[in-house]
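Heads up, the thing below is written out as structure tokens.
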Amino acid sequence: MKTLTTYLRKYADIQEGIIVCYRPTTNNGWSDRCKFRSDEYSPKKAYNHRQILDNEVVIEFDTDNKKKNLELTEKVTKKLIKDKIKYSLWESGNKSAHLHFFVDTAKAGNLSLLKKAVIRHYTQDLDELPDLQLVGKHLIRAEFGVHEKTRRKKKPLRES
């Protein structure tokens, strides 16, 4: 059975110092955070956010229409498949889907600019723009993390 800790172990092979955050409700702040593999981390705690990795691209459409968000994301997955890029597609626990994939950032001088360019490339002919804030040291709903408003977990839809 896969858990957030399972994913974090794999991610930690790629990048050290991944920040996780526990925010049980919208009334709670964002201060209950720690680094994975630190003494403060507890695999029993229901962390619901994690840091986006430096080489990870996350595409999310955030319209008010859940069906449209998934349709837009599916169009991007077709492009990724055509380019033979492995990805994972997740239901966020609310109205959006999260599309995750990795890029080679070894020669990148500006990670945010690179990620924006990649996101724009894969979404250029769509009628909605994705959330372009997801390019820096941003937190994203963690795998299997509970959404603060809906109380639904982020769950996998498909992995290539």
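Throughout, residue positions are numbered sequentially from 1 according to the sequence presented.
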**Study point:** Pairwise distance CD(Glu74) to CG(Leu99) - rounded to 0.5 angstrom
**Key:**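 The CG atom of Leu99 is 9.0 Å from CD of Glu74, to the nearest 0.5 Å.
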
Exercise for review: Nearest 0.5 Å please: distance from the CG atom of Leu134 over to the CD1 atom of Ile119.
Suggested key: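 Spacing of CG (Leu134) from CD1 (Ile119) equals 6.5 Å.
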
Taking C-beta and beyond as the side chain, do [X] and [Y] meet within less than 4.5 Å on heavy atoms?
X      : Y      : result
Ser160 : Phe101 : no
Leu72  : Ile59  : no
His100 : Lys86  : no
Lys149 : Thr25  : no
Val57  : Leu114 : no

Exercise for review: Decide yes or no on side chain to side chain contact (heavy atoms under 4.5 Å, CB included) for Val20 and Cys34, but give the supporting numbers first.
Suggested key: CA-CA 6 Å; Val20 291; Cys34 66; 3.8 Å; yes

For atom [atom1] of [X], is the number of surrounding heavy atoms from other residues, nucleotides or ligands below 6.0 Å larger than 12?
X      : atom1 : result
Asp39  : CG    : no
Lys95  : NZ    : yes
Lys155 : NZ    : no
Gln133 : CD    : no

Review point. Does the separation of the ring centres of Trp90 and Tyr7 fall below 6.0 angstrom?
Key: yes

Check your understanding: Can the ring centroids of Phe36 and Tyr47 be said to lie less than 6.0 angstrom from one another?
Key ->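 They do not qualify: ring centres at least 6.0 Å apart.
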
Exercise for review: With Phe102 as reference, evaluate Ile14, Asp54, Ile85 under the side chain to side chain contact (heavy atoms under 4.5 Å, CB included) test and give the passing residue.
Suggested key: Ile14

Practice item. Dump the intermediate steps for side chain to side chain contact (heavy atoms under 4.5 Å, CB included) on Phe61 and Val76, then the final yes or no. Key: CA-CA 11 Å; Phe61 294 93; Val76 177; 4.1 Å; yes

Please check: side-chain N/O of [X] versus main-chain N/O of [Y], any donor-acceptor pairing under 3.5 Å?
X      : Y      : value
Arg152 : Gly93  : yes
Thr105 : Ala108 : no
Arg23  : Thr26  : yes
Glu71  : Lys68  : no
Asn55  : Asp104 : no

Would you tell me whether [X] and [Y] have side-chain atoms, one donor and one acceptor, within less than 3.5 Å of each other?
X      : Y      : result
Arg141 : His98  : no
Tyr22  : Asn28  : no
Thr150 : Asn94  : no
Ser96  : Glu60  : yes
Gln51  : His138 : no

Point to revise | Same apolar cluster: Leu113 and Val103, side chain cutoff 4.5 Å | key: no

Review point. With Lys154, which residues qualify under salt bridge (Lys or Arg N to Asp or Glu O under 4.0 Å), at least two apart?
Key: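 Applying salt bridge (Lys or Arg N to Asp or Glu O under 4.0 Å) to Lys154 gives none.
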
Revision key, fill the gap. With sequence neighbours left out, the residues meeting salt bridge (Lys or Arg N to Asp or Glu O under 4.0 Å) with Asp125 are Lys79

Point to revise | Full working for side chain to side chain contact (heavy atoms under 4.5 Å, CB included) between Arg50 and Glu143 | key: CA-CA 8 Å; Arg50 69 161 175 87; Glu143 289 77 358; 2.9 Å; yes

**Study point:** Side-chain ion pair, Arg37 and Glu16, N-O less than 4.0 Å
**Key:** yes

Practice item. Please report the C-alpha distance between Glu91 and Lys66 in whole Å, then the side-chain angles of each, then the deciding distance to 0.1 Å, and finally whether the side chain to side chain contact (heavy atoms under 4.5 Å, CB included) criterion is met. Key: CA-CA 10 Å; Glu91 184 180 307; Lys66 182 177 180 174; 3.7 Å; yes

